[in-house]
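Some notes on the structure that comes next.
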Amino acid sequence: MAVRYDCSMASGRADGLHAAALAVGRGELVVLPTDTVYGIGADAFDRDAVERLLEAKGRGRAMPSPVLVASADALHQLVTDFSEQGWALVEAFWPGGLTLVARHQPSLTWDLGETHGTVAVRMPSDPVALELLTATGPMAVSSANLTGHPSPQDCDAAQGMLGDSVAVYLDGGPTEAAVASSIVDLTGPVPVLKRAGAISADRLRKVVPDLLVP
C-alpha cells in the first residue's frame with residue numbers, strides 16, 4: 001500500500017524524506033516533485049528497481065530513464081568526455097530545467113535501458129527533490145505518468161496514474177512549470193537540442209552559440 005506525505009509541513013517533509021530514502025534503498029519506487037513536473041524515481045544503480053520504474057510507466061527499454069543528481073559534482077563520477085560547453089551550460093542553468101546527455105563512465109554497472117553508452121543527467125531545483133537526492137545519491141527519475149498520458153504537475157495526478165506501484169509519494173504541491181526539461185545532447189561535435197522544454201533555445205544559445213536546433 002502506497003504512503004503519501006504532505007511535504008508542505010515540516011514534520012511531514014522530514015518523515016516523508018526519511019521514508020522515501022528507505023524505500024529507495026529497498027529497491028522500491030517513489031514519486032517526488034521537481035521544478036518541472038512530478039517524477040517517479042528509483043535507485044539508479046539498482047537494475048531491478050529501474051526495470052520496475054519502466055514497467056510502472058508502461059515504458060520500454062528503448063526509452064531509458066534520465067538520472068537526477070543533487071549537485072554538479074556528481075558529474076565527475078557519472079560521465080566522461082564532458083565538454084567545456086557542457087560545463088558552461090551547467091553553470092548557467094543548474095539547478096533547473098535542463099537535461100544534458102553525455103557519455104557515461106564505462107566503469108558504471110547500471111542498466112537504465114538502451115542508452116548506447118550515454119546518460120541524460122539533470123540537477124533539479126526543487127528543495128524536496130534535492131534533499132532526497134542528497135540522501136540517496138543519483139536516482140533514475142522519469143515523469144510520473146503512464147506513457148502516452150500528460151506529465152503530472154501535482155501529486156494527485158501522479159497517484160491517480162501510478163497507484164500502488166509506488167511505495168512513497170512526496171506531495172510538494174503544484175510544480176513550478178507545466179513543461180518538462182529541455183534536453184541538450186553533448187555527445188557529438190556540437191551541442192544538439194533534442195527536446196525544447198523549460199529553457200528556450202534562445203537562452204541556451206546565449207551560452208552555447210553553436211547549439212544545433214534540428
Side-chain angles (χ1 to χ4, degrees), residues 1-46 48-59 65-74 93-99 112 120-147 149-181 197-199:
M1 178 69 69
V3 182
R4 179 165 163 172
Y5 294 88
D6 181 0
C7 294
S8 66
M9 306 292 289
S11 59
R13 179 166 165 170
D15 290 345
L17 286 166
H18 179 69
L22 290 176
V24 171
R26 292 192 299 265
E28 296 174 329
L29 306 180
V30 302
V31 159
L32 62 153
T34 78
D35 45 336
T36 54
V37 296
Y38 269 75
I40 177 174
D43 181 350
F45 298 98
D46 185 328
D48 292 337
V50 174
E51 183 64 26
R52 284 192 288 274
L53 185 158
L54 296 176
E55 289 175 356
K57 285 176 58 70
R59 185 169 179 169
S65 176
V67 170
L68 295 190
V69 296
S71 75
D73 289 341
F93 299 113
W94 278 20
L98 177 63
T99 297
L112 302 168
V121 190
R122 184 167 86 88
M123 178 185 175
S125 65
D126 184 272
V128 174
L130 289 174
E131 284 190 58
L132 179 59
L133 291 163
T134 298
T136 63
M139 290 180 61
V141 179
S142 183
S143 55
N145 61 305
L146 296 175
T147 297
H149 291 251
S151 299
Q153 283 187 261
D154 57 58
C155 199
D156 285 342
Q159 192 165 7
M161 285 186 278
L162 300 173
D164 287 339
S165 64
V166 171
V168 175
Y169 287 84
L170 299 178
D171 184 356
T175 62
E176 295 178 12
V179 295
S181 64
I199 299 173

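Leu53 and Ser142 make their closest contact through CD2-CB, 4.1 Å (heavy atoms, listed as atom of the first residue, atom of the second, distance). Met161 approaches Pro150 most closely through the heavy-atom pair CE-O, 3.6 Å. Residues Val166 and Ala2 come closest through the heavy atom pair O-CB, 3.2 Å. Closest heavy-atom contact between Leu146 and Ala56: CD2-O, 3.3 Å. In terms of heavy atoms, Thr34 sits closest to Pro124 at CB-CB, 4.4 Å. In terms of heavy atoms, Ala21 sits closest to Ala135 at CB-CB, 4.2 Å.
In this structure, Ser143 OG and His149 NE2 are separated by 11.5 Å, a value rounded to the nearest 0.5 Å. Between Thr175 atom OG1 and Asp35 atom CG the span is 8.5 Å, to the nearest 0.5 Å. If you take CG on Leu17 and SG on Cys7, they are separated by 5.5 Å, rounding to the nearest 0.5 Å. Interatomic distance, His18 NE2 to Leu22 CG, rounded to the nearest 0.5 Å: 4.0 Å. Here CD of Gln153 is found 12.0 Å from CG of Asn145. Values are rounded to the nearest 0.5 Å. Atom CE in Met123 sits 12.5 Å away from atom CG in Leu98 (nearest 0.5 Å).
Under a 3.5 Å cut-off, the side chain of Arg52 and the backbone N or O of Gly27 do form a donor-acceptor pair. Although no hydrogens or angles enter the test, the distance criterion places a donor-acceptor pair under 3.5 Å between the side chain of Tyr169 and the main chain of Gly163.
With contacts defined as side-chain heavy-atom distances shorter than 4.5 Å, the pair Tyr38/Asp171 qualifies. For the pair Ser165 and Lys57, the minimum side-chain heavy-atom distance is 4.5 Å or more. For the pair Cys155/Arg4, a side-chain contact is recorded, criterion being any heavy-atom separation below 4.5 Å from C-beta on. Annotation: side chain of Gln159 is not in contact with side chain of Val31 (no heavy-atom distance under 4.5 Å). You'll find the side chain of Leu162 stays beyond 4.5 Å of the side chain of Leu29, heavy atoms only.
Partners of Phe45 under the ring-ring contact (aromatic ring centres under 6.0 Å, His included) rule, at least two apart in sequence or in another chain, are Trp110. With sequence neighbours excluded, the residues that form a side-chain contact (heavy atoms from CB on, under 4.5 Å) with Asp46 are Asp43, Asp48, Ala49. For the side-chain contact (heavy atoms from CB on, under 4.5 Å) test, residues two or more places apart in sequence or in another chain that qualify with Thr134 are Ala70.
Of the options Val141, Leu132, Leu170, a side chain to side chain contact (heavy atoms under 4.5 Å, CB included) to Val30 is made by Leu132 and by none of the others.
For the residue pair Thr36 / Ser181, no side-chain donor-acceptor distance below 3.5 Å is found, with atom types taken as modelled.
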